[in-house]
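Shown next, in structure tokens, is the structure this report addresses.
Throughout, a chain's letter reflects where its sequence line sits, starting with A, and its residues are numbered from 1. In what follows, every heavy atom counts, from backbone to side chain, and hydrogens, waters and symmetry copies are set aside. Everything numeric in this text was worked out from a predicted model, so none of it was measured.
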Amino acid sequence: MSTNSNESLNFLEEIIEADLASGKYKHILTRFPPEPNGYLHIGHATSICLNFGLGVKFGGATNLRFDDTNPTTEETEYVDSIISDVRWLGFEPAQIVYASDYFVQLFEWAKVLIQNGKAYVDFSTSQEMATLKGTPTEPGKNSPYRDTTPEENLALFEKMRAGEFPDGHCTLRAKIDMNSPNMIMRDPLLYRIKHAHHHRTGNTWCIYPMYDWAHGQSDSLENITHSICTLEFAPHRELYDWCIAQLGIFPSHQYEFARRNVSYAITSKRKLRQLVEDNIVRSWDDPRMPTISGFRRRGYTPASIREFCDRIGLGKREMVADMSLLEFCIREDLNKSSLRRFAVLHPLKVVITNYPEAQIDHLETENNPEAPETGLRPLSFGRELWIEQDDFMETPPPKYNRLSPGGIVRLKSAYIIRCEEVMKDDAGNITELHCTYIPESRSGQDTSGLKPKGVIHWLSASDAMIAEVRLYDRLFQVEDPAREEDFIATINPNSLQVIENALVEPALMQAELGDRFQFTRLGYFCVDPDSSADKMVFNRTVTLKDTWAKESAK
RNA sequence: UGGGUCAUGGUGUAAUCGGUAACACAGCAGAUUUUGGUUCUGUUAUUCAGGGUUCGAGUCCUUGUGACCCAACCA
């Protein structure tokens, strides 16, 4: 119910704690209010974690409410994906509700406003309205329709609702103050005519409430105590309060926080759509997309995203959180939880010349050194092996700890080998390595006294299986692509590398959708839904931290 | 006649309503390591500017500067 007194609270938590302490509320109720007009992205994820997180932290609850007041942009498909994204993140709404549930109530309340002389039907065109609205530095002018009597307005509003006017013919506006310094308060639109099919109410309505007429009242109807939104809605708060005051209904309160952006990502719906439609990515759930479904397919865990949202904190100033923090969070989670497996992405054949032709040795290695209880798994060792091309260099740079001519290296959980001969084709390409192994260097019973500097992963040619591996990198090359004049130009041309014929441990062929692994020394990988019984596909979620890559780049 | 929101290391967030500017990520250096992973240790770097109040200011006052939002029949 209450929080630890020694931990520092963010400004919203302080407000809530004070409201609870003063007895203003016994329980808090928040809400996550997406418009179902697209897929959720990482920005929404932070809002979900915020709203639901607050509900959980203070023993309250959180509604999922679809702000479906614009029938021309909204679809059931989006409703479904949003519900599943929220649940995937690990939250269960107290209620799943819709602004459209309140259309009748909202309509009745509009009539109350009209009767009280606080709203009028305006036949001005949008152009005329814009002119009369003034500018931030110049006052507006009253509409010629502003002094129509309540009786007349009521009749006109009923006609609007009855479908007697075409789209755009007139609107219902609140009568507030055309001289207000707050542009939002200069007689805002409450209803507009749209003869459109609504994904839930069908054709029963041809007038639809605007955001400002729907949101606060929806909050109030649900008894939302803390209605949390982003900074750009701050000027709307005055209108939010005005509407509630006019109706004398439960006073929900709006609080604003700064949208939480993430570097190297984009969260504009328009731009995300462009990426999909221009086939720059494959789909909305392409693992490079900053959508929740993209992160899911990429292999991110819900816990890692929640942890990220916790760690970036909350404020009221514009911010861009570091993508590297998100990467830290997923590595931290997966390091503890994922089983280790060997995979060789770019194979180089190694022949152990002093190892018997047909002999297969059975070795073991740990599933996860961070979690010994996960036990060991079997590994086959034979005369022919695969290692990573990167793990051999004919002329190694300084500090290179891997294999080179005449040098030794430890094959993890197996033997130490020495490179005796480099085989090449006519073009000079390395085709295979001839090595010898040190029989007394077997892992766990090493009496060789040798101390190779490097340890590399490997696969036995006798049982390695082929799989497809997709390596993802950042989609954008700049930290803040949204700020670029042409964000498409900043796209990383190497954001996806497909390796059709990678080699993996045989056990990986039984992996199932949702499984996550660490491919030893390579990174964290998950099973992609494109996988089939005969062709497994793995996505790289994130690389391991790679200090050698940094060192060698110097 | 403009209104609103904000300003603390590279990034993000704190600082018990005036009392040693801290935590995390990133970076750098080292130790450990049969993953160049993990773990551990150390380290670099911060209060937008000017003025004022005060023994003492990130915090209070004042004057500036800068950033973002608002003039959709979108949310």
Side-chain angles (χ1 to χ4, degrees), chain A residues 5-10 33-35 37 67-70 72-74 122 125-126 129-131 133-140 167-173 179-186 189-194 207-208 210-212 214-215 229-238 256 258 260 263 308 311-329 331-332 335-336 340 342 365-366 369-370 399-402 410-414 416 443-444 446 451-457 479 518-523 543-552:
Chain A
S5 53
N6 58 346
E7 95 181 90
S8 78
L9 303 176
N10 66 47
E35 181 186 13
N37 68 348
D67 227 333
D68 56 350
T69 56
N70 186 354
T72 55
T73 60
E74 298 151 6
D122 195 326
T125 64
S126 57
M129 249 183 244
T131 307
K133 193 150 195 175
T135 72
T137 52
E138 300 162 46
D167 286 8
H169 191 66
C170 56
T171 58
L172 184 74
R173 297 179 75 180
N179 295 322
S180 172
N182 182 355
M183 298 295 289
I184 302 290
M185 297 298 280
R186 319 244 265 225
L189 260 54
L190 267 24
Y191 272 92
R192 76 289 215 189
I193 300 171
K194 275 180 190 264
I207 59 171
Y208 291 91
M210 298 289 287
Y211 165 86
D212 286 303
H215 205 92
C229 61
T230 46
L231 247 27
E232 69 263 29
F233 289 97
H236 291 254
R237 190 177 58 237
E238 192 180 355
E256 308 89 18
R260 297 185 283 179
S263 62
F308 172 70
R311 283 175 178 258
I312 57 179
L314 189 73
K316 297 190 79 165
R317 60 171 158 152
E318 237 189 287
M319 63 89 93
V320 182
D322 233 313
M323 177 68 93
S324 64
L325 180 60
L326 217 203
E327 292 175 345
F328 167 83
C329 291
R331 286 188 185 113
E332 183 188 44
N335 177 48
K336 282 182 250 160
R340 266 100 260 224
F342 287 170
T365 188
E366 60 270 81
E370 302 295 316
K399 298 186 192 170
Y400 187 78
N401 291 344
R402 286 109 96 150
R410 156 80 60 187
L411 296 179
K412 183 167 170 58
S413 299
I416 294 170
S443 191
D446 184 354
K451 292 273 177 269
K453 278 187 291 183
V455 178
I456 64 174
H457 62 280
E479 266 189 48
Q518 182 195 109
F519 287 178
T520 299
R521 299 210 304 135
L522 298 176
T543 60
L544 258 27
K545 272 184 70 175
D546 190 349
T547 51
W548 168 244
K550 271 181 212 157
E551 181 65 33
S552 61

Which part of the nucleic acid does A:K545 contact within heavy-atom distance under 4.0 Å: base, sugar-phosphate only, or nothing?
-> sugar-phosphate
Does A:R340 get its side chain close enough to the base of B:U35, under 3.5 Å, for a donor-acceptor pair?
-> yes
Expressed as a whole number of Å, how far does the C1' atom of B:A15 sit from that of B:U59?
-> 9 Å
Any residue meeting ring-ring contact (aromatic ring centres under 6.0 Å, His included) with A:F308, in chain and number order, not counting sequence neighbours = none
If pairing requires Watson-Crick or G-U wobble contacts with both distances under 3.5 Å, which nucleotide is the partner of B:C28?
-> B:G42
When all nucleic acid strands are considered with a 4.0 Å heavy-atom cut-off, which category describes A:R260: base, sugar-phosphate, or nothing?
-> nothing
In terms of side-chain geometry, is the basic nitrogen of A:K412 or A:E366 positioned less than 4.0 Å from the acidic oxygen of its partner?
-> yes
Whole-Å gap separating P (B:G36) and NZ (A:K412) | 9 Å
Rounded to the nearest 0.5 angstrom, the CD-CG distance for A:E238 and A:D212 is 11.5 Å
Distance, C1' atom - from B:U63 to B:C69, rounded to whole angstrom = 25 Å
Re B:G58: Watson-Crick or G-U wobble partner, both distances kept under 3.5 Å, found to be none
Base-pairing mate for B:G18 - Watson-Crick or G-U, with both contacts under 3.5 Å | none
Value in whole Å for how far the P atom of B:C70 lies from CG of A:L231 = 11 Å
Span that lies between the C1' atom of B:C23 and that of B:U1, in whole angstrom = 45 Å
By nearest-heavy-atom nucleotide on RNA chain B, the more 5' of A:A130 and A:T520 is A:T520
Should A:R521 be listed as having a side-chain N or O under 4.0 Å from OP1 or OP2 of B:U34?
-> no
Counting only Watson-Crick or G-U wobble pairs whose two distances fall under 3.5 Å, which nucleotide matches B:A67?
-> B:U5
B:U39 versus B:A45 - spacing of their C1' atoms, nearest Å | 25 Å
Counting any heavy atom closer than 4.0 Å, what does A:G454 reach on the DNA or RNA strands: base, sugar-phosphate only, or nothing?
-> nothing
Specify the separation, in whole Å, of atom CG of A:D546 and atom C1' of B:U38.
-> 14 Å
A:E327 atom CD is separated from B:A26 atom P, nearest whole Å, by 9 Å
Rounded P spacing from B:U43 to B:C70 in Å = 46 Å
Starting at atom CD of A:E332, determine the distance to atom C1' of B:A26, rounded to an integer number of angstrom.
-> 15 Å
In whole angstrom, give me the gap between the C1' atoms of B:G56 and B:A21.
-> 15 Å
C1' spacing across the pair B:G18 / B:C55, given as an integer number of angstrom = 12 Å
Would you say a side-chain N or O of A:T547 is under 4.0 Å from OP1 or OP2 of B:G37?
-> yes
Just checking A:K194: base, sugar-phosphate only, or nothing, at a heavy-atom cut-off of under 4.0 Å?
-> sugar-phosphate
Sequence neighbours left out, what passes ring-ring contact (aromatic ring centres under 6.0 Å, His included) with A:H215? Give chain and number order.
-> A:Y211
Interatomic distance at C1', B:U47 relative to B:G9, whole Å = 10 Å
Nearest-nucleotide comparison on RNA chain B, the residue closer to the 5′ end among A:Q518 and A:G313 | A:G313
Using a cut-off of strictly less than 4.0 Å, decide whether A:K316 has a side-chain nitrogen or oxygen near OP1 or OP2 of B:A7.
-> no
